[in-house]
2 protein chains.
Amino acid sequence: MSELHVPAIDTVAIDAVLAALADPIRLTLVRALIAAEDWTCGSDVLRSTGITIGRSTLSHHLKVLREAGLIQTRVQGTRRLVALRHDDLTRRFPGLLELVAPPAAAPTEPGTSTPTA
Amino acid sequence: MSELHVPAIDTVAIDAVLAALADPIRLTLVRALIAAEDWTCGSDVLRSTGITIGRSTLSHHLKVLREAGLIQTRVQGTRRLVALRHDDLTRRFPGLLELVAPPAAAPTEPGTSTPTA
DNA sequence: TCAAATATTCGATGCGCATCGAACATTACG
DNA sequence: CGTAATGTTCGATGCGCATCGAATATTTGA
């Protein structure tokens with residue numbers, strides 16, 4: 001079991017983070033990971049969003065997010081477990097995760113509307 | 001004198017804001033406007049950044065920023081004065097401006113590292 | 001009314017990026 | 001060792017977007 005390389009959080013620029021979050025699919029993935037709050041299988045977090053894309057495309061987006069410093073990846077058997085770098089991001093960019101967090105983040109109210117533009 | 005139309009701040013989605021800030025030139029313009037803190041001539045704020053692009057390109061970027069809810073424009077004679085929607089943005093997206101603010105914006109502490117990639 | 005200054009709009013162009021499918025890699029399990 | 005499962009890499013493709021130049025407003029001032 002090993003960890004895929006990620007940039008040190010101090011070397012991560014907000015410019016790269018914003019560029020990574022510009023893509024709607026990557027933004028959705030990050031939001032799902034914020035909600036997950038723990039290691040998750042990459043393809044599972046994709047399925048949880050309802051988005052349907054090819055495996056290679058998902059792999060590409062996860063790579064972009066990893067190299068942008070947003071997520072980390074752990075190899076477990078034939079699977080890849082991904083997780084948001086929650087602590088690192090909160091320390092380096094306070095307020096960032098709250099900013100991109102799901103707009104209707106009401107855990108006790110699943111029926112709320114999601115005014116995502 | 002008139003004001004160009006801007007979207008109501010409540011209708012602005014963070015998704016659109018992030019997409020607008022993904023472009024390096026637009027990000028630079030926003031940072032210059034944060035530093036300006038007041039109405040500024042569009043071409044002046046461009047010159048202050050040192051970026052050299054055509055007039056039409058600048059006009060395009062300002063339009064994107066305006067429609068994304070980040071700036072507002074006032075017509076004064078043959079000029080266009082632009083300003084960041086500072087209060088609106090702070091109210092709707094707390095922490096956003098601090099996040100994208102110039103990395104080395106420490107007036108009293110010039111010794112901090114500037115990890116701009 | 002004409003000319004100058006400033007900015008927008010329009011059409012075209014080129015590049016970057018998201019996407020896909022196929023081939024390859026890695027690990028688990030029989 | 002061979003097969004299945006998962007994921008990455010590679011090459012190609014298509015679209016969106018940033019960019020530019022020319023043409024077009026709009027306002028000012030002589």
Side-chain angles (χ1 to χ4, degrees), chain A residues 1-6 15-33 39-68 70-83 117, chain B residues 1-6 15-33 39-68 70-83 117:
Chain A
M1 181 192 323
S2 61
E3 301 253 350
L4 268 61
H5 174 263
V6 291
D15 302 48
V17 172
L18 292 174
L21 294 177
D23 183 87
I25 288 190
R26 287 196 292 267
L27 189 55
T28 303
L29 288 173
V30 168
R31 282 175 176 151
L33 287 172
W39 294 95
T40 312
C41 179
S43 46
D44 285 350
V45 75
L46 172 67
R47 264 186 290 275
S48 75
T49 64
I51 295 176
T52 307
I53 56 176
R55 293 182 193 280
S56 53
T57 305
L58 171 63
S59 189
H60 164 69
H61 284 307
L62 291 179
K63 183 179 183 180
V64 171
L65 289 175
R66 189 185 329 121
E67 293 177 346
L70 285 163
I71 67 173
Q72 55 189 147
T73 303
R74 174 194 294 175
V75 180
Q76 190 191 57
T78 71
R79 302 196 162 187
R80 247 77 169 177
L81 297 185
V82 298
Chain B
M1 182 195 319
S2 62
E3 301 255 350
L4 268 62
H5 174 265
V6 292
D15 302 48
V17 172
L18 292 173
L21 294 178
D23 183 88
I25 289 190
R26 287 196 294 267
L27 188 55
T28 304
L29 287 173
V30 168
R31 282 175 175 150
L33 287 172
W39 294 96
T40 312
C41 180
S43 46
D44 285 349
V45 77
L46 172 67
R47 263 186 291 275
S48 75
T49 65
I51 295 176
T52 307
I53 56 176
R55 294 183 193 280
S56 53
T57 305
L58 171 63
S59 188
H60 163 69
H61 284 307
L62 291 178
K63 182 179 183 181
V64 171
L65 289 175
R66 189 185 327 122
E67 292 178 346
L70 286 163
I71 67 173
Q72 55 189 148
T73 303
R74 175 195 293 175
V75 180
Q76 190 191 55
T78 72
R79 303 195 162 187
R80 247 77 167 175
L81 297 185
V82 297

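Fair warning: this is a prediction, and the values are worked out from it, not measured in the lab. Quick note on labels: first sequence line is chain A, next is B, and so on, each numbered from 1.
Near DNA chain D, defined here as any heavy-atom distance below 4.0 Å, the residues from residues 60-67 of chain B are B/H60, B/H61, listed numerically.
Distance, B/R74 CZ to C/dA7 P: 15 Å, rounded to whole Å. The CD1-C1' distance, from B/I25 to C/dC15, rounds to 14 Å in whole Å. For the pair A/L4 CG and C/dT27 P, the computed distance is 12 Å after rounding to whole Å. The nearest whole Å value for the distance from the CD atom in A/Q76 to the P atom in C/dC29 is 11 Å.
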Below 3.5 Å between N/O atoms, which protein atoms pair up with nucleotides 5-7 of chain D? Just atom names and distances, please.
unit_1: D/dT6; atom_1: OP1; unit_2: A/R79; atom_2: NH2; d: 3.4
unit_1: D/dG7; atom_1: OP2; unit_2: A/S43; atom_2: OG; d: 3.2

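The side-chain heavy atoms of A/L4 and A/R66, taken from C-beta on, include a pair separated by under 4.5 Å. Between B/W39 and B/R80 there is no side-chain heavy-atom pair separated by less than 4.5 Å. When side chains are defined from C-beta on, A/T73 does not count as touching A/L62, because their heavy atoms never get closer than 4.5 Å.
Minimum heavy-atom separation, A/A22 to B/A19: CB-CA, 4.2 Å. What you find for A/I53 and A/I51 is that their closest heavy atoms are CG2-CG2, 3.8 Å.
Between A/G77 and A/G54, it is A/G54 whose nearest contact on DNA chain C lies nearer the 5' terminus. Of the two residues near DNA chain C, A/I53 and B/L58, the one whose nearest nucleotide lies more 5' is B/L58.
Here the straight-line distance linking atom CG of B/L58 with atom CD1 of B/I25 works out to 9.0 Å at 0.5 Å rounding. Taking CG of A/L21 as the start and CZ of A/R26 as the end, the distance is 8.5 Å to the nearest 0.5 Å.
A side-chain contact (heavy atoms from CB on, under 4.5 Å) with A/L33 holds for exactly one of A/I71, A/L70, A/T28; it is A/I71.
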